[in-house]
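My questions all concern the structure below.
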Protein chains: 2
Amino acid sequence: MTSMNKKMPKIQDVARVAGVSTATVSRTLSSPDVVSAKTRDSVLAAVKATGYRVNRAARNLRTQRTGAILALVPNLGNPFFSEILQGMERTCKQSDYNLLIADTSETTPDADQLEGYFRDGQADGLIILDGSLPRDALENLQNQPSTYPSIFMCEWNPETNFHSVRSDNAHGMKMAVKHLADQGHTDIGHVRGPMTNVLSHAREGGFRKAMEALNLPVNENYVLDGDFTLEAGRMAGQELLRMDKRPTAMVCASDQIAFGLIAVLSQNNVIVPDDISVLGFDDVEMAEFFYPPLTTIRQDRDCLGRSAAKLLLERLKSRDMSEGATVTTIPVEMVVRSSTSAPAN
Amino acid sequence: MTSMNKKMPKIQDVARVAGVSTATVSRTLSSPDVVSAKTRDSVLAAVKATGYRVNRAARNLRTQRTGAILALVPNLGNPFFSEILQGMERTCKQSDYNLLIADTSETTPDADQLEGYFRDGQADGLIILDGSLPRDALENLQNQPSTYPSIFMCEWNPETNFHSVRSDNAHGMKMAVKHLADQGHTDIGHVRGPMTNVLSHAREGGFRKAMEALNLPVNENYVLDGDFTLEAGRMAGQELLRMDKRPTAMVCASDQIAFGLIAVLSQNNVIVPDDISVLGFDDVEMAEFFYPPLTTIRQDRDCLGRSAAKLLLERLKSRDMSEGATVTTIPVEMVVRSSTSAPAN
DNA sequence: CTCGCGAATGTAATCGATTACATTTCTTTG
DNA sequence: CAAAGAAATGTAATCGATTACATTCGCGAG
């Protein structure tokens, strides 16, 4: 029970104290410019005097909004995502929206559940960080009589048509490959993300294009499967260990992969970067502290988080339900540390 | 705008279709046992036929609840916390509560803000993971005419009287010290957390008691300040490097500290564990993949998250606002990996 | 067959804010 | 100074579910 024991002041009380109607109080609070300065002052004084706060449930019921946006995160445990949530949370708080978080790693929400978030009045908008949500579930959101505002962030679903905010994945890979090539590497491999994920394709595509641009052939044996996790990196590392001839450098689709990869190599006396250079993607906080410190492509998490939240909040405010899906690309930058160097010979 | 274009069925519609009153529909949904089997069936059929879903805002307004609980997290970017949120999120979802998340790293909420979460109708209960919230702000929550249900998790504030769920910190430290002593270490140091945090004291206390129990003197020069972060570990490492005679083992108050510490040592050719053993606390996912793999005290994050959520939800359900603050202690276990070994000589 | 009582159901007030529309007050200007 | 129009304020309907209280139904006992 949220209620205070005796009296939680309501708008009526404020109105009485200020000697105006409830309508005026409400207007003073929501659009101060339409009331006269005099009444505004007295209403605000009354608000302070009574300790009044609007009751959200009542407001939400009347306005048919919820004042919350929901982030669908593929895996809360992944530090990359949790660091992003920080930025989103800040932006939301500033706009008086609440940020709800749901982890989709356990159960992938279907069309019903997704629609349910809106129908149940849980959220006014969705920020989807999980590009693997099924297409029909997503399209269902748009085919509603009134579209439910949702945007993609970081990941996306290419078969659908939502606004999205993402990093410049291709350019990141290009910088990564160029950095290695500049140092003299020619046998460059790649550990990609899960093939069900667009990011994997975006990054692998960027990798291949960059290689081609530099006239470096891609050895398909050096392109390994993964899924962005530490464990995937470990498996890739074990595969490398089994090879007779290894690449001199590996570009990984995530920092986590790189960490896992390096861990296995180190444990087996393959020295990074002397024997093999490893490059990550994300620049999570750990990258700087790992041993060796990880050369990686930095995604601007804060900017991603803020941009996405801002974009969604703006659409909510303007009630712009238009179809034209925009893509906001956030630049990445390369952070050179010690996990890369010139090849041995 | 959450509304569907034409018609979002409401309880009236269901009542009409089922040929009963709205009261009966509501009862069927909230307490099925008080309606007759026959009406129950027809109501449920009508619900399905119309695709009805309760409107939360309306329900919340009427029942004076919000259906959400709020987690106050000191730092979302810290993987330890984000991994915990996963467990909480699951438990909440099962009980049809929403989980709201607020990061307190930017601004420490004061009494007003804390109270505001309830007064504004944002949450029915609080799970506080930040033990550094000011005492008066917290006490204010309890001194309300009707107490606002809040519990501590992981951290707590010893000056206040809330239920809390936490790991067995002292026992963890005892295992850590014993493990090192068993290997022959006598010069054992400690990097503690921030002195503003209870966990720091709990763990430092556990450390000292364990040392005493084994008749090992504590060299105060080997007790270093920190704050749970990678950066703190780095600074502690630099301090170690400056010492003429170093301890042969360090017990850190968190994994992050341990990582930072090891990183600096490694970069300066101090080998872990050969030259110095390092032990962490938490067992975040990275611990296994760091190089060298970190020996650490594992906190059962999932259990912590579930227990806390369950405790709060039960208190909400039973409306048990009693004062008796309980402490739920979750056991820890030691995970031995490769960052510890017998001392050099 | 009727009375009484518990079970099932219905009626309508209620939660607290917002806002369309109505009314009053203030400016402005011819 | 009056009239017209703009600005400020007030009145009351409304959002959609819950629930106290009233009513009706069903069944067994007398």
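The basis for the numbers below is simple: all heavy atoms, side chains too, and nothing from hydrogens, waters or symmetry mates. In what follows, chains carry the letters A, B, and so on, assigned in the order in which the sequence lines appear, proteins first and then strands, with residues in each chain numbered from 1.
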In residues 14-21 of chain A, which ones come under 4.0 Å of DNA chain C, going by heavy atoms?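 Per residue number, the list is empty: none.
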At less than 4.0 Å, is any side-chain N or O atom of A/Q64 found next to OP1 or OP2 of D/dG16? Yes or no. yes
Is there a donor and acceptor pair, one atom on the side chain of B/R56 and one on the base of D/dG16, closer than 3.5 Å?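 By the distance-only test, no, there is no pair.
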Determine: side-chain N/O of B/R62 to OP1/OP2 of C/dT14, distance under 4.0 Å, yes or no.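 Answer no for this pair, as no side-chain N or O of B/R62 is under 4.0 Å from OP1 or OP2.
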As a quick check of understanding, evaluate side-chain contact (heavy atoms from CB on, under 4.5 Å) for A/D13 and A/R16, giving each step before the final call. CA-CA 5 Å; A/D13 302 316; A/R16 192 175 320 116; 3.3 Å; yes
Please state whether the phosphate of D/dG16, meaning OP1 or OP2, lies under 4.0 angstrom from any side-chain nitrogen or oxygen of B/Y52. no
With respect to the side chain of B/S36, which nucleotide from C/dA8, C/dA17, D/dG16 is positioned closest? C/dA8
Does B/S26 reach a base, just sugar-phosphate, or nothing at all? Heavy atoms under 4.0 Å. base
For residues B/D130 and B/T104, is any side-chain donor paired with an opposing acceptor at under 3.5 Å? yes
How far apart are the C-alpha atoms of A/L114 and A/L72, what are their side-chain angles, what is the distance that settles it, and do they pass the side-chain contact (heavy atoms from CB on, under 4.5 Å) test? CA-CA 10 Å; A/L114 237 41; A/L72 292 176; 3.7 Å; yes
Is the shortest side-chain heavy-atom distance between B/E115 and B/Y148 below 4.5 Å?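 Sidechains of B/Y148 and B/E115: in contact.
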Among C/dT9, D/dG10, D/dA17, which nucleotide has an atom closest to any side-chain atom of B/V35? C/dT9
Of all the nucleotides listed (C/dT18, D/dA17, D/dT19), which has the minimum atom distance to the side chain of B/R27?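 Looking only at side-chain atoms, B/R27 lies closest to D/dT19.
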Sugar-phosphate only, base, or nothing, as touched by B/R53 at under 4.0 Å among non-hydrogen atoms: sugar-phosphate
At under 4.0 Å between heavy atoms, what does A/S30 touch on the DNA or RNA strands: base, sugar-phosphate, or nothing? nothing
Taking the side chain of A/T63 as its heavy atoms from C-beta onward, which of C/dT19, C/dA17, C/dA12 lies nearest to it?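 Looking only at heavy atoms from C-beta outward on A/T63, the closest nucleotide is C/dT19.
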If you only use heavy atoms from C-beta on, which nucleotide in C/dT9, D/dG16, D/dT18 is closest to the side chain of B/L61?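 That would be D/dG16.
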Short side-chain N/O contact from B/T39 to OP1 or OP2 of C/dT9, under 4.0 Å: yes
Heavy atoms of other groups near B/K93 NZ, more than 12 under 6.0 Å: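 Yes - once you tally the heavy atoms of other residues, nucleotides and ligands closer than 6.0 Å, there are more than 12.
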Under a 3.5 Å threshold, yes or no: a donor from one side chain and an acceptor from the other, between B/N161 and B/Q142?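 Not at all, the side chains of B/N161 and B/Q142 share no donor-acceptor pair under 3.5 Å.
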Students should find that the end-to-end axis angle of the helix from C/dC1-D/dG30 to C/dG30-D/dC1, with five pairs defining each axis and rounding to 10 degrees, is 40°
Output the distance between atom CD1 (A/I127) and atom CE (A/M153), rounded to the nearest 0.5 Å. 6.5 Å
If you check the A/V54 side chain, which of D/dA17, C/dA17, D/dT9 turns out closest?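 Selected nucleotide (nearest to the side chain): C/dA17.
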Identify which nucleotide among C/dT11, C/dA17, D/dA17 has an atom closest to any side-chain atom of B/K10, counting heavy atoms from C-beta outward. D/dA17
Nearest of D/dT18, C/dC15, C/dA17 to any side-chain atom of A/I11?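 That would be C/dA17.
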Sugar-phosphate, base or nothing in reach of B/V34, heavy atoms under 4.0 Å: sugar-phosphate
If I take atom CG from residue B/L76 and atom CD from residue A/Q86, how far apart are they, to the nearest 0.5 angstrom?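 One finds 5.5 Å between CG of B/L76 and CD of A/Q86.
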Checking side-chain polar atoms at under 3.5 Å, does A/T66 have a donor or acceptor matched by the opposite partner on A/D124?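 Note: A/T66 and A/D124 side chains meet the donor-acceptor criterion.
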